[in-house]
Student: 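Supplied in structure tokens, the structure appears directly below.
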Number of protein chains: 2
Amino acid sequence: MSYHHGNLRRTIIDAAVEAIGDTGTATWSLRELARRAGVSHAAPAHHFGDKAGLLTAVAAEGFELFADALGAAGDDFLDVGVAYVRFAVERRAYFEVMWSPELYDTDDASVVRARGRAGEILVSGSRSLPGNVEGDWAGAIAAWSTAHGFANLWLTGALPSFVGDDPAAAARPVLEVLTRGRAAAGE
Amino acid sequence: MSYHHGNLRRTIIDAAVEAIGDTGTATWSLRELARRAGVSHAAPAHHFGDKAGLLTAVAAEGFELFADALGAAGDDFLDVGVAYVRFAVERRAYFEVMWSPELYDTDDASVVRARGRAGEILVSGSRSLPGNVEGDWAGAIAAWSTAHGFANLWLTGALPSFVGDDPAAAARPVLEVLTRGRAAAGE
DNA sequence: GTGGCATCTTGTCAGTGACAAGATTGGAGT
DNA sequence: ACTCCAATCTTGTCACTGACAAGATGCCAC
């Protein structure tokens, strides 16, 4: 092992994401990540400043991955919603950090950019809501809230067991509730 | 100040709730709460064992208050949903702890009891969903998800500013989306 | 090939959670 | 009134943490 690690920044972020996925954001330490990477206890500080700096990097990367995942789902409201839930479960660590603004710097330039990209994709997805009219913010926010709420409830383990063990399959009928009767009612 | 505080348990819980409301669950320490209560650094440990024990007490009390708030809202789905959001914002500290299972002992007897009580009220509220049929778990979970998601998005500050500054007023039209056209479509 | 700079290390400090052992006190039983 | 006991709180201690300062190393542009 040479003096310079070579890819410490990437390694530390990956270790952080893994640790967060295992036990959350509070149970590990920068020093533990440093040990795991075979590096001194102060090395991560050079790249991230402090713990909030590391989590800022995780959040920024998370929003980028999130935007990618939503974008790949297409233009249909249901598909975007399912992708929203799928991302939350499959990349749980990123998702949890992203929505914990007290943990990182929400005004960081890379965070703002990535979050903006994800937001635009979300808005364009809500346009395919049946019966959607221009400026119907209640409908768009209801769709967002439902996907976000379902994802959070799934992650906290609060949902009853009969919804099954496949989050995407369970989310679809729930999101469909938002479309029931809407087209028929001509709203 | 006598040797025995007299009401340390209550005082520590209140101080914890206040601190969580200010800056979250990670920025304060048991020792700081002890100092604030004018008590030695190890006194809280007697009542709660450790930090998780304290948060377990907060969560249990939170679910009790939550059940009270939902119960007081009546039987209408919309009113219960609005009460859900209002509780999340007005008692933010309790709400955040309640839905952070990694912070406390979710199997604690008092937690299980209080959470069960809140769950029953929630289920009975979903029965008033327009077009509700017996066993329509997608509808009930959609309602729960929407209220829960809206509350979380509000708390994280993710919602656009045009929704206003009154969470209850903003939540109502969003929750109403779930009822649009449903009765008319006879579903 | 050398100077500069990003990268990483060593050293240190106050603060933290957790535990052990001892001090204090109110109150129940007699 | 007295004793004793259990709940409550204190003091002392340990390994660990985040944060900072100062120094060592080695890659790379020139």
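Order of the sequence lines sets the chain letters (A, B, ...), proteins ahead of strands, with each chain counted from 1. Owing to the predicted nature of the structure, the values given are computational and were not obtained by experimental measurement.
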Student: First locate atom OG1 of B/Thr146, then atom CG of B/Leu178, and finally report the distance between them rounded to the nearest 0.5 Å.
Tutor: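 Between B/Thr146 OG1 and B/Leu178 CG, I get 4.0 Å after rounding to 0.5 Å.
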Student: Tell me whether the OP1 or OP2 atom of D/dC9 has a side-chain N or O from B/His46 closer than 4.0 Å.
Tutor: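 It does not, given that no N or O in the side chain of B/His46 lies less than 4.0 Å from OP1 or OP2 of D/dC9.
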Student: Nearest-Å distance, CZ (A/Phe48) to P (C/dC8)?
Tutor: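 These atoms are roughly 10 Å apart.
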Student: Can you tell me how far P of C/dG17 sits from CD1 of B/Ile12, to the nearest Å?
Tutor: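 It works out to 12 Å between those atoms.
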Student: Apply salt bridge (Lys or Arg N to Asp or Glu O under 4.0 Å) to B/Glu32 and list each qualifying residue two or more places apart in sequence or on a separate chain.
Tutor: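 Per chain and number, B/Glu32 pairs via salt bridge (Lys or Arg N to Asp or Glu O under 4.0 Å) with B/Arg36.
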Student: Roughly, in whole Å, what's the span from CG in A/Leu33 to P in D/dC16?
Tutor: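 Between P of D/dC16 and CG of A/Leu33: 16 Å.
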Student: Would you call A/Asp14-A/Arg9 a salt bridge at under 4.0 Å N-O?
Tutor: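 No, no charged N to carboxylate O under 4.0 Å.
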Student: Are more than 12 heavy atoms from other residues, nucleotides or ligands located less than 6.0 Å from atom CG of A/Asp22?
Tutor: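 Counting neighbours around CG of A/Asp22, more than 12 heavy atoms of other residues, nucleotides or ligands fall under 6.0 Å, so yes.
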Student: Checking B/Arg115 side chain against B/Ala59 main chain: does a donor-acceptor pair fall under 3.5 Å?
Tutor: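 No; zero donor-acceptor contacts below 3.5 Å.
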Student: Could you encode protein contacts along nucleotides 17-26 of chain D as a string, one character per nucleotide from 5' to 3', using B for base contact, S for sugar-phosphate-only contact and - for no contact, with a heavy-atom cut-off of under 4.0 Å?
Tutor: SBBB--BBBS
Student: Given atom CG of B/Leu8 and atom P of C/dG26, what is their separation to the nearest angstrom?
Tutor: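 So the CG-P distance, B/Leu8 to C/dG26, works out to 15 Å.
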Student: B/Leu54 CG to C/dA18 P: how many Å, rounded?
Tutor: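 The answer, rounded to whole Å, is 11 Å.
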Student: Enumerate the residue pairs fulfilling ring pair (Phe, Tyr, Trp, His ring centres under 6.0 Å) with a member in residues 52-80 of chain B, sequence neighbours excluded, ordered by first and then second residue.
Tutor: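 Every pair satisfying ring pair (Phe, Tyr, Trp, His ring centres under 6.0 Å) with a residue in residues 52-80 of chain B: B/Phe63-B/Trp99, B/Phe66-B/Tyr84, B/Phe66-B/Phe87.
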Student: Rounded to the nearest angstrom, tell me the gap between atom CZ in B/Arg9 and atom C1' in D/dC9.
Tutor: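 It is 16 Å, rounded to the nearest whole Å.
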